[in-house]
Amino acid sequence: MTFEPEVRERLERDAKQIIGRYPKPRSALLPLLHLVQSEEGHVSQDGIEFCAEQLGITPAQVTGVSTFYTQYKHEPVGEFHVGVCINTLCAVMGGDQIWNELTEHTGVGHDEATPDGKVSLERIECNAACDFAPVMMVNWEFFDNMTPEKAKRLVDDLRSGKEVLPSRGPNKLCSWKDASRVLAGFPDGRAHEGVQAGPESLRGLELAKQRGWEPPSADTDRESPEEPVKAQEITDPPPNEPGKPIGGDVKPGSQEGRNK
């Protein structure tokens, strides 16, 4: 099954806008995958083939990328995708217990959705919010300082349609598809709503102000680092034989240059 004509027309229009942001079309693959995920709720085979066509690469190349990153789902997930951090700090603060009780409470496991399609669960390795451990996310919005009881109540509220607000971030949760569209590069205009940084995150800054700590002055005499690589300096190296130097023109100091 392929996309309906009106859907494909809309996706092609958005894809053209995304690709135009990059010096090379294939650099747009990650946001394009979010774009097709925003349409179907997951990255389907149709979505993979669409990305390949738009970028002039093979479906196998698209599949290799889409299966590497866990934000791309290959089976439908819930309208509200709930992530439970089980990495080191969250785990010792109760993340493992939250996960165990939540899976038992909902009857679903990792990347599985409830029968009503409202909620799915995911074991997250790190939510990058250790100062609020244990942390959960819903469609990538933060829910801080969680407990098993709060986690189960959160999921029940989501399934019943009750309005739920994240601890930090926008004043309303968007759907999983809408979150994917934002990640594709189409802002919903809500990035500056709500609390941006909680007191735990700002504690170090407050201490610095209280104690009069100042950052070291800039070393103006130090030689400036090399400028970033410009688009016109990038070339595609020819296919490389295993164990042979990488060919093509490369910028000195780049990884390819060191390999060469």
Side-chain angles (χ1 to χ4, degrees), residues 29-48 51 60 62-162 164 166-169 173-184:
L29 177 53
L30 297 184
L32 274 188
L33 285 166
H34 284 298
L35 177 66
V36 296
Q37 183 162 265
S38 73
E39 184 63 38
E40 299 184 283
H42 65 290
V43 179
S44 67
Q45 187 60 37
D46 288 338
I48 289 172
C51 292
V62 177
T63 301
V65 173
S66 67
T67 55
F68 180 83
Y69 295 102
T70 58
Q71 279 190 309
Y72 303 122
K73 306 303 178 185
H74 295 272
E75 296 293 337
V77 295
E79 179 183 355
F80 298 101
H81 189 60
V82 179
V84 181
C85 184
I86 47 82
N87 213 323
T88 307
L89 186 56
C90 279
V92 300
M93 295 291 287
D96 283 340
Q97 183 180 354
I98 291 174
W99 172 260
N100 292 336
E101 294 196 25
L102 201 56
T103 55
E104 182 178 358
H105 181 70
T106 59
V108 298
H110 176 73
D111 271 355
E112 295 178 350
T114 53
D116 57 11
K118 283 289 186 179
V119 167
S120 52
L121 302 184
E122 179 180 359
R123 289 167 60 92
I124 302 288
E125 283 301 322
C126 185
N127 279 328
C130 300
D131 40 352
F132 297 99
V135 175
M136 292 173 54
M137 299 191 90
V138 178
N139 295 344
W140 311 120
E141 299 296 349
F142 286 105
F143 288 79
D144 303 329
N145 303 310
M146 297 299 289
T147 64
E149 291 70 27
K150 291 167 65 175
K152 288 182 281 190
R153 185 164 60 249
L154 168 63
V155 168
D156 289 343
D157 288 344
L158 291 171
R159 296 183 71 180
S160 67
K162 184 177 180 180
V164 174
S167 303
R168 292 170 284 131
L173 280 177
C174 67
S175 70
W176 169 254
K177 291 182 179 181
D178 288 339
S180 295
R181 182 167 176 81
V182 171
L183 290 171

Problem set entry | Side chain to side chain, Val135 and Phe143, heavy atoms closer than 4.5 Å | no
Problem set entry | Within-4.5 Å side-chain heavy-atom neighbours: Trp99 and Met136 | no
Pair listing, salt bridge (charged side-chain N to carboxylate O under 4.0 Å, His left out) test, anchored in [range], at least two apart:
range: residues 103-115; answer: Lys73-Asp111
range: residues 125-143; answer: none
range: residues 77-100; answer: Glu79-Lys118

If we ignore hydrogens and angles and just use 3.5 Å, is the side chain of [X] paired with the main-chain N or O of [Y] as donor and acceptor?
X: Ser180; Y: Trp176; answer: yes
X: Ser120; Y: Val77; answer: no
X: Ser38; Y: Asp178; answer: no

Exercise. Atom OG in Ser66, atom NE2 in His74: separation rounded to 0.5 Å?
Worked result: 3.5 Å
When the side chains of residues 149-156 are checked against the rest of the protein, which donor-acceptor pairs come out under 3.5 Å, sequence neighbours left out?
from: Lys150; atom 1: NZ; to: Asn145; atom 2: O; distance (Å): 2.7
from: Lys152; atom 1: NZ; to: Glu101; atom 2: OE1; distance (Å): 3.0
from: Asp156; atom 1: OD1; to: His105; atom 2: NE2; distance (Å): 2.9
from: Asp156; atom 1: OD2; to: His105; atom 2: NE2; distance (Å): 3.2

For this session: Establish, from distance only, whether the side-chain atoms of Glu122 and His81 form a donor-acceptor pair under 3.5 Å.
Result: yes
Exercise. Sequence neighbours excluded, which residues qualify as ring-ring contact (aromatic ring centres under 6.0 Å, His included) partners of His34?
Worked result: Tyr72
For this session: Taking salt bridge (charged side-chain N to carboxylate O under 4.0 Å, His left out) as the test, write out the residues that go with Arg168, two or more places apart.
Result: Asp144
Seminar exercise, completed: Which of Val65, Thr63, Leu32, Leu33 passes side chain to side chain contact (heavy atoms under 4.5 Å, CB included) with Val43? It is Leu33
